[in-house]
Structures are given as structure tokens and as C-alpha cells.
S.K.: 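Sharing a structure below in C-alpha cells format, with a few things to ask.
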Amino acid sequence: MTAEPRATRPHMPGYGVAGPDSGTGLLPWSWAVERLAGSHDYWLATAGISGQPHVMPVWGAWLDGAVWFSSGLRSRKARDLADRPACTLATDDAQQPVVVEGTASRVTEGEALRAFAAAIDAKYGTDYGVEFYDPEVNGVWRVVPVWAFGLVQDDFTGSPTRWTFG
């Protein structure tokens with residue numbers, strides 16, 4: 001992702017959210033990237049073919065402008081993504097959250113899997129290696145943001161920011 005996303009103030013009727021120049025003003029995308037990269041876990045929301053929502057925590061990494069994560073292929077989230085790849089991910093900090101919407105793409109290419117394995121091993125202090133992400137057993141997905149949202153709880157009315165891409 002090379003271009004900066006467009007930042008705007010989200011419409012939040014009834015919450016007292018002020019204009020784009022109030023409070024801390026619109027948050028820079030670099031603020032969101034810092035939180036996406038630093039989040040220990042991400043909350044992944046999917047929906048299956050019936051539309052039933054499903055939310056689960058996943059380990060992952062912010063890598064090359066996207067959130068990457070893995071899951072066993074027989075898990076509900078993996079089956080949901082096979083049926084409906086649109087999903088939402090949120091960081092684990094409710095005081096300074098970042099929420100990302102996008103479409104999950106399966107990653108199966110060797111070099112990309114090696115980069116993901118290295119990022120996960122470095123972030124979590126594991127030694128899984130690329131073999132753990134055997135595409136026949138454990139899927140790896142990449143979600144490039146289409147839309148994102150963030151705010152600072154201590155400046156609830158002055159910080160909410162929506163980023164749109166493209």
C-alpha cells in the first residue's frame with residue numbers, strides 16, 4: 001500500500017463527535033499502522049453462508065500494508081472465509097482501537113508464507129517456521145484494508161477517524 005488513505009470524520013449521530021479540526025483532529029494513518037503492528041491479537045469477524053456472525057481472536061501480523069493471520073482449514077473462521085471472504089479485524093486495545101474491513105485472500109506462495117512465518121516467529125517468540133503453515137492444513141490469509149476506523153478513548157469526541165483506500 002503506497003498511497004496514504006483518505007482520512008475523514010465518521011458520522012456518529014448522538015455521540016457528540018465534533019468536526020475534523022476539534023480535539024486531536026483527524027488521526028494520521030501512521031497512528032493506525034503503529035497500533036496494527038503492535039496489537040498482540042486481532043479480533044476477526046466473519047460470516048458464513050447463512051450470514052451468522054462469528055468473532056474469534058487470532059494471532060497475526062501487520063505486513064506489507066495488510067493484516068495477515070492463520071487458522072486451521074477446518075475451523076469455522078476458515079470455512080466462513082471460503083464462503084464469504086469479506087471480513088473485519090480489530091486490534092486488541094479497546095482504548096485506542098483500530099478496525100479494518102477488507103476481503104481475505106488466501107496466501108499459498110512460498111516466499112509470502114516464509115515472510116509471514118518469520119514475522120510471526122519474531123512477534124510471538126515462536127519457532128514454527130514455514131512448515132507449520134502447510135497450505136493443506138493451516139491457511140494463511142491477508143486482508144488489505146478497504147476501510148478503517150480508529151479513535152482515542154481519552155478524546156472520544158475529537159479523535160474518531162475513518163480512513164478509506166483507493
Side-chain angles (χ1 to χ4, degrees), residues 1-12 15 17 19-20 23-48 51 53-71 75-109 111-124 133 135 138-153 155-156 158-166:
M1 196 175 300
T2 55
E4 283 285 308
R6 181 173 168 255
T8 59
R9 183 72 76 212
H11 181 61
M12 297 172 62
Y15 285 93
V17 173
T24 54
L26 295 174
L27 298 168
W29 179 239
S30 59
W31 177 92
V33 167
E34 182 178 314
R35 278 138 191 87
L36 287 162
S39 188
H40 185 276
D41 304 303
Y42 304 89
W43 289 98
L44 170 66
T46 62
H54 182 64
V55 177
M56 290 298 288
V58 294
W59 276 12
W62 177 256
L63 183 64
D64 296 331
V67 179
W68 296 52
F69 62 93
S70 65
S71 177
S75 70
R76 179 166 169 197
K77 56 190 162 293
R79 293 189 323 263
D80 284 354
L81 292 171
D83 291 335
R84 289 182 157 179
C87 63
T88 302
L89 287 142
T91 56
D92 61 0
D93 181 358
Q95 301 298 307
Q96 295 187 17
V98 177
V99 179
V100 169
E101 288 186 4
T103 301
S105 302
R106 240 343 257 292
V107 178
T108 57
E109 189 272 315
E111 192 58 39
L113 290 175
R114 280 187 285 284
F116 173 71
I120 292 298
D121 285 348
K123 181 174 181 178
Y124 296 103
Y133 303 102
N138 290 313
V140 172
W141 287 266
R142 171 180 194 264
V143 179
V144 176
V146 177
W147 172 95
F149 170 85
L151 65 78
V152 175
Q153 177 64 37
D155 187 16
F156 184 84
S159 68
T161 303
R162 175 188 317 135
W163 296 276
T164 52
F165 300 79

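It should be emphasised that the depicted structure is a prediction, and the values quoted were computed from it without experimental measurement. One-based numbering along the sequence shown.
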S.K.: Taking the inter-plane angle between the rings of Phe156 and Tyr15 on a 0 to 90° scale, is it parallel (under 30°), tilted (30 to 60°) or perpendicular (over 60°)?
M.R.: tilted

S.K.: Tell me if a side-chain donor or acceptor on Asp41 pairs with a main-chain N or O of Pro57 at a distance below 3.5 Å.
M.R.: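 No: the side chain of Asp41 does not pair with the backbone of Pro57.
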
S.K.: Tell me whether Ser159 contacts the main-chain N or O of Val152 through its side chain, where contact means a donor paired with an acceptor under 3.5 Å.
M.R.: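 Side chain of Ser159 to backbone of Val152: a pair is present.
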
S.K.: Got a second to check how far Leu113's CG is from Ile120's CD1, nearest 0.5 Å?
M.R.: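 Nearest 0.5 Å value for the CG-CD1 distance: 11.5 Å.
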
S.K.: Sorted by first residue and then second, give each salt bridge (charged side-chain N to carboxylate O under 4.0 Å, His left out) pair with at least one member in residues 113-122; sequence neighbours left out.
M.R.: Glu111-Arg114

S.K.: Under 30°, 30 to 60°, or over 60°: which ring-plane class applies to Trp163 and Trp31, parallel, tilted or perpendicular?
M.R.: parallel

S.K.: Could you measure the distance from the CG atom of Leu81 to the OG atom of Ser75? Nearest 0.5 Å is fine.
M.R.: 8.0 Å

S.K.: Which atom names give the shortest non-hydrogen contact between Val143 and Cys87, and what distance separates them?
M.R.: CG2-SG, 3.6 Å

S.K.: Could you walk me through whether Val100 and Trp147 pass side chain to side chain contact (heavy atoms under 4.5 Å, CB included), step by step?
M.R.: CA-CA 6 Å; Val100 169; Trp147 172 95; over 6 Å; no

S.K.: Which pairs with one or both residues in residues 97-107 pass side chain to side chain donor-acceptor pair (under 3.5 Å), sequence neighbours excluded?
M.R.: none

S.K.: I'd like to know whether Phe69 forms a ring pair (Phe, Tyr, Trp, His ring centres under 6.0 Å) with Tyr42, so could you lay out the CA-CA distance, the side-chain angles of the two residues, the decisive distance to 0.1 Å, and finally the verdict.
M.R.: CA-CA 9 Å; Phe69 62 93; Tyr42 304 89; 8.5 Å; no

S.K.: Got more than 12 heavy atoms from elsewhere within 6.0 Å of CZ, Arg6?
M.R.: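 Not buried by this count: 12 neighbours or fewer within 6.0 Å.
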
S.K.: For Arg9 and Arg162: C-alpha separation, side-chain torsions, deciding distance, then whether side chain to side chain contact (heavy atoms under 4.5 Å, CB included) applies.
M.R.: CA-CA 6 Å; Arg9 183 72 76 212; Arg162 175 188 317 135; over 6 Å; no

S.K.: Report yes or no: does Ser39 contribute a side-chain atom to a donor-acceptor pair with the main-chain N or O of Asp92 at less than 3.5 Å?
M.R.: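 The answer is yes, because a donor-acceptor pair under 3.5 Å joins these two groups.
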
S.K.: Between Thr88 and Val99, is a side chain to side chain contact (heavy atoms under 4.5 Å, CB included) present by the stated rule, with each step listed?
M.R.: CA-CA 7 Å; Thr88 302; Val99 179; 3.5 Å; yes

S.K.: In this structure, which one of Leu27, Thr8, Thr24 forms a side chain to side chain contact (heavy atoms under 4.5 Å, CB included) with Thr161?
M.R.: Leu27

S.K.: Judged by atom type as modelled, is there a donor-acceptor pair below 3.5 Å linking the side chain of Arg142 to the main-chain atoms of Ala66?
M.R.: no

S.K.: Taking Lys77 for its side chain and Val58 for its backbone only, find out whether a donor-acceptor pair lies under 3.5 Å.
M.R.: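 No, Lys77 side chain to Val58 backbone: no donor-acceptor pair under 3.5 Å.
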
S.K.: Just wondering, do Val17 and Pro10 contact through their side chains at under 4.5 Å, heavy atoms?
M.R.: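 SC-SC contact between Pro10 and Val17 ruled out.
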
S.K.: First locate atom CZ of Arg84, then atom CZ of Arg79, and finally report the distance between them rounded to the nearest 0.5 Å.
M.R.: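 The CZ atom of Arg79 is 14.5 Å from CZ of Arg84, to the nearest 0.5 Å.
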
S.K.: Could you measure the distance from the CZ atom of Arg35 to the OG1 atom of Thr91? Nearest 0.5 Å is fine.
M.R.: 9.0 Å

S.K.: CE of Met56 to OG1 of Thr46: how many Å apart, nearest 0.5 Å?
M.R.: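 The CE atom of Met56 sits 9.5 Å away from the OG1 atom of Thr46.
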
S.K.: On a heavy-atom basis, which atom in Ala37 and which in Lys123 lie closest, and how many Å separate them?
M.R.: O-NZ, 3.9 Å

S.K.: List the atom of Ala112, the atom of Val107, and the distance in Å for their closest heavy-atom pair.
M.R.: CB-CG1, 3.6 Å

S.K.: Between Tyr124 (side chain only) and Ala119 (backbone N and O only), is there a donor and an acceptor less than 3.5 Å apart?
M.R.: no

S.K.: With rounding to the nearest 0.5 Å, note down the distance linking CH2 in Trp29 to CD in Glu34.
M.R.: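 Here the interatomic distance stands at 12.5 Å.
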
S.K.: If you look at every heavy atom in Leu26 and Ala7, which pair is closest and at what distance?
M.R.: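 Closest pair (atom of Leu26, atom of Ala7, distance): CD1-O, 3.6 Å.
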
S.K.: So, do Trp62 and Val33 sit near enough that their side-chain heavy atoms are less than 4.5 Å apart?
M.R.: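 Side chain of Trp62 against side chain of Val33, heavy atoms only: contact under 4.5 Å found.
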
S.K.: Run the side chain to side chain contact (heavy atoms under 4.5 Å, CB included) test on Trp141 and Ser71 for me, step by step, so that the C-alpha distance in whole Å, both residues' side-chain angles and the decisive distance to 0.1 Å come before the verdict.
M.R.: CA-CA 8 Å; Trp141 287 266; Ser71 177; 3.8 Å; yes

S.K.: Would you name the heavy atoms of Asp80 and Gly48 that are closest together and state the gap between them?
M.R.: OD1-CA, 3.2 Å

S.K.: Would you say the side-chain atoms of Trp68 pair up with the backbone N or O of Leu63, donor to acceptor, closer than 3.5 Å?
M.R.: yes

